[in-house]
**Q** 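Below: one structure in structure tokens.
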Protein chains: 2
Amino acid sequence: MSTNNKRNVDMDTVDRKLLIELLRDARTSLRRLSEEMNVSPATLHNRLTRLVQEGIVRGFTALVDYTKLGYSLSAVIMAKVDGKHLTEFEREIASSDNVVAVYDVVGEYDVVIISKFKNVEDLDAFLKQLLKNPKIERTYTSIVLNVVKEDPRIKI
Amino acid sequence: MSTNNKRNVDMDTVDRKLLIELLRDARTSLRRLSEEMNVSPATLHNRLTRLVQEGIVRGFTALVDYTKLGYSLSAVIMAKVDGKHLTEFEREIASSDNVVAVYDVVGEYDVVIISKFKNVEDLDAFLKQLLKNPKIERTYTSIVLNVVKEDPRIKI
DNA sequence: AGTGAAAAGCACTCGTT
DNA sequence: AACGAGTGCTTTTCACT
């Protein structure tokens with residue numbers, strides 16, 4: 001009954017180096033990279049197309065300092081949810097504009113939600129909306145005082 | 001004694017639209033965008049340079065499906081840390097290759113850590129290393145069974 | 001699957017307003 | 001601060017291997 005159809009993929013040195021460089025700077029030019037790597041630009045273009053098609057690369061984005069845009073408030077919310085409705089609840093919560101991450105976890109709680117807000121009112125409204133959901137048995141909210149690190153990149 | 005020198009910045013419609021488009025696709029061309037927006041490519045180029053200089057844009061990256069690269073294990077770790085050493089501890093933990101996020105929170109715990117691993121052994125080693133740190137009074141680890149959502153982009 | 005070559009597209013700079 | 005135009009890069013395609 002798992003819906004997880006992900007599989008690990010063969011990646012050679014070229015794919016790996018390409019991925020590392022795009023993680024470092026998504027706007028870098030394939031041409032310059034191709035010179036460094038002693039392959040043709042066309043090859044890198046093909047490799048990148050394949051990485052995107054296979055879903056290894058989900059897209060390219062700008063990393064933004066949200067505090068400078070007024071999103072000064074983050075929250076880590078843990079919730080215990082009625083098992084029958086967990087998947088539905090997660091889908092619901094993941095579609096929210098304020099939510100950057102949703103993790104299905106094991107332990108005292110079932111879901112961990114990372115969310116961002118412009119002010120206390122917005123966070124309050126989000127939490128109130130959440131709490132009136134009858135699928136939720138219990139929540140624990142940690143208000144984030146300081147985002148020490150937030151970077152989707154890990155060393156691959 | 002705050003080290004938070006972040007400030008909110010004036011962003012007009014052009015900045016905002018540029019940012020939204022780069023969040024959507026960081027490899028998009030400024031020229032095409034400039035046509036959509038009825039400004040010159042040179043203006044967009046200047047705007048983007050300014051956004052980067054001001055630190056609103058921290059960089060550009062590829063969004064990667066880490067499960068497809070073998071990082072099938074994530075963990076949400078909460079820690080209660082001796083107050084005197086909190087900042088030092090956070091700096092330490094944030095520099096780890098396996099850590100994508102570190103949040104300074106208020107409540108029962110002081111720090112929330114989001115981390116990724118290839119296997120149970122690596123997670124185990126990370127946790128053991130963490131637990132032998134005398135600054136830590138208490139931890140709570142939630143093993144992530146499923147990453148429902150993980151996307152640094154919020155609607156701005 | 002990788003390549004070179006060519007055409008189309010693009011970034012970046014600078015002088016002008 | 002925004003622009004237009006020019007120069008040199010870059011992507012993308014495609015026929016060939």
Side-chain angles (χ1 to χ4, degrees), chain A residues 5-70 151-153 156, chain B residues 5-70 151-153 156:
Chain A
N5 55 6
K6 284 157 188 148
R7 61 191 178 80
N8 297 359
V9 184
D10 289 325
M11 299 238 309
D12 67 7
T13 321
V14 174
D15 288 329
R16 206 183 126 82
K17 174 84 163 122
L18 173 57
L19 207 42
I20 289 169
E21 291 300 322
L22 290 172
L23 280 167
R24 196 185 51 75
D25 177 13
R27 283 181 74 83
T28 199
S29 90
L30 299 185
R31 181 184 216 253
R32 201 181 43 68
L33 264 183
S34 75
E35 278 161 24
E36 276 181 38
M37 295 166 69
N38 297 312
V39 290
S40 74
T43 296
L44 283 193
H45 186 262
N46 292 338
R47 295 300 191 100
L48 181 50
T49 304
R50 215 203 72 220
L51 287 171
V52 171
Q53 270 169 359
E54 286 181 322
I56 296 174
V57 171
R58 289 160 43 215
F60 303 97
T61 194
L63 294 172
V64 168
D65 184 338
Y66 286 108
T67 63
K68 291 196 175 164
L69 297 184
D151 196 320
R153 297 173 282 195
I156 60 167
Chain B
N5 55 6
K6 286 157 186 145
R7 61 190 178 83
N8 298 359
V9 183
D10 289 325
M11 301 239 307
D12 68 6
T13 321
V14 173
D15 289 328
R16 206 182 127 81
K17 174 84 163 125
L18 173 58
L19 207 42
I20 288 169
E21 292 299 322
L22 290 172
L23 280 167
R24 196 184 51 75
D25 176 14
R27 283 183 73 81
T28 199
S29 87
L30 299 185
R31 184 197 266 198
R32 200 179 45 68
L33 264 183
S34 76
E35 280 161 23
E36 277 180 39
M37 295 167 69
N38 297 313
V39 290
S40 76
T43 297
L44 283 193
H45 186 265
N46 291 339
R47 295 300 190 101
L48 181 50
T49 304
R50 213 203 73 220
L51 287 170
V52 171
Q53 271 170 358
E54 286 182 324
I56 297 174
V57 171
R58 289 161 43 216
F60 304 97
T61 194
L63 295 172
V64 167
D65 184 339
Y66 287 108
T67 63
K68 293 197 173 161
L69 297 183
D151 195 318
R153 298 173 281 195
I156 60 167

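Every chain is numbered from 1, with letters handed out A, B, ... down the list of sequences.
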**Q** Without decimals, in angstroms, what is the distance between B/Met37 CE and D/dA1 C1'?
**A**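 Distance, rounded to whole Å: 15 Å.
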
**Q** When the distance from CG of B/Asn46 to P of C/dC14 is rounded to whole Å, what number comes out?
**A**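 Distance, rounded to whole Å: 12 Å.
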
**Q** How close or far is atom C1' of C/dA8 from atom CZ of B/Arg32, stated in whole angstroms?
**A**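 Atom-to-atom, B/Arg32 to C/dA8, this comes out as 15 Å.
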
**Q** C/dC12, D/dT10, C/dC10: which one has an atom nearest the side-chain heavy atoms of B/His45?
**A**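 The closest nucleotide is C/dC12.
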
**Q** Starting the side chain at C-beta, find the nucleotide from D/dC3, C/dC10, D/dT11 nearest to B/Arg31.
**A**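 Comparing D/dC3, C/dC10, D/dT11 against the side chain of B/Arg31, the answer is C/dC10.
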
**Q** Below 4.0 angstrom from OP1 or OP2 of C/dT3, is there any side-chain N or O of A/Thr43?
**A**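 Indeed, a polar side-chain atom of A/Thr43 lies that close.
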
**Q** Could you measure the distance from the OG atom of B/Ser29 to the CD atom of B/Glu35? Nearest 0.5 Å is fine.
**A**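 So the gap between those two atoms works out to 7.5 Å.
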
**Q** Send over the distance from B/Leu51 CG to D/dA1 C1', rounded to a whole Å.
**A**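 So the two atoms are 14 Å apart, to the nearest Å.
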
**Q** Would you check if the side chain of B/Lys17 reaches a backbone N or O of B/Glu36 as a donor-acceptor pair within less than 3.5 Å?
**A**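 No, because the side chain of B/Lys17 does not come within donor-acceptor range (under 3.5 Å) of the backbone of B/Glu36.
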
**Q** C/dG9 phosphate, OP1 or OP2: any side-chain N/O from B/Ser29 under 4.0 angstrom?
**A**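 No.
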
**Q** Mind calculating the distance between CZ (B/Arg27) and C1' (D/dT10) to the nearest angstrom?
**A**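 Result: 10 Å.
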
**Q** Using atom CD of B/Gln53 as one end and atom P of D/dA1 as the other, report the distance to the nearest whole Å.
**A**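 Going from B/Gln53 (CD) to D/dA1 (P), I get 12 Å.
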
**Q** Rounded to whole angstroms, how far apart are CG on B/Leu30 and P on D/dC9?
**A**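 It works out to 19 Å between those atoms.
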
**Q** Could you give the CG-to-P distance, from B/Leu44 to D/dA1, as a whole number of Å?
**A**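 It is 15 Å, rounded to the nearest whole Å.
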
**Q** Would one find a side-chain N or O of A/Arg47 under 4.0 angstrom from OP1 or OP2 of C/dG2?
**A**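 So the side chain of A/Arg47 is within the cut-off, an N or O lying under 4.0 Å from OP1 or OP2 of C/dG2.
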
**Q** Would B/Arg24 and B/Thr28 count as having a side-chain donor-acceptor pair, cut-off 3.5 Å?
**A**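 Side-chain D/A pair, B/Arg24 to B/Thr28: absent.
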
**Q** Using the closest heavy atom to pick a nucleotide of DNA chain C for each, name whichever of A/Pro41 or A/Arg50 lands nearer the 5' end.
**A**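 So the residue in question is A/Arg50.
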
**Q** Counting only N and O atoms by type, is there a donor-acceptor contact under 3.5 Å from the side chain of B/Arg27 to the main-chain atoms of B/Ala62?
**A**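 Checking the backbone N and O of B/Ala62 against the side chain of B/Arg27, no donor-acceptor pair under 3.5 Å is found.
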
**Q** Thinking salt bridges, do A/Arg58 and B/Asp65 make one under a 4.0 Å N-O criterion?
**A**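 Salt bridge between A/Arg58 and B/Asp65, a charged N being under 4.0 Å from a carboxylate O: no.
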
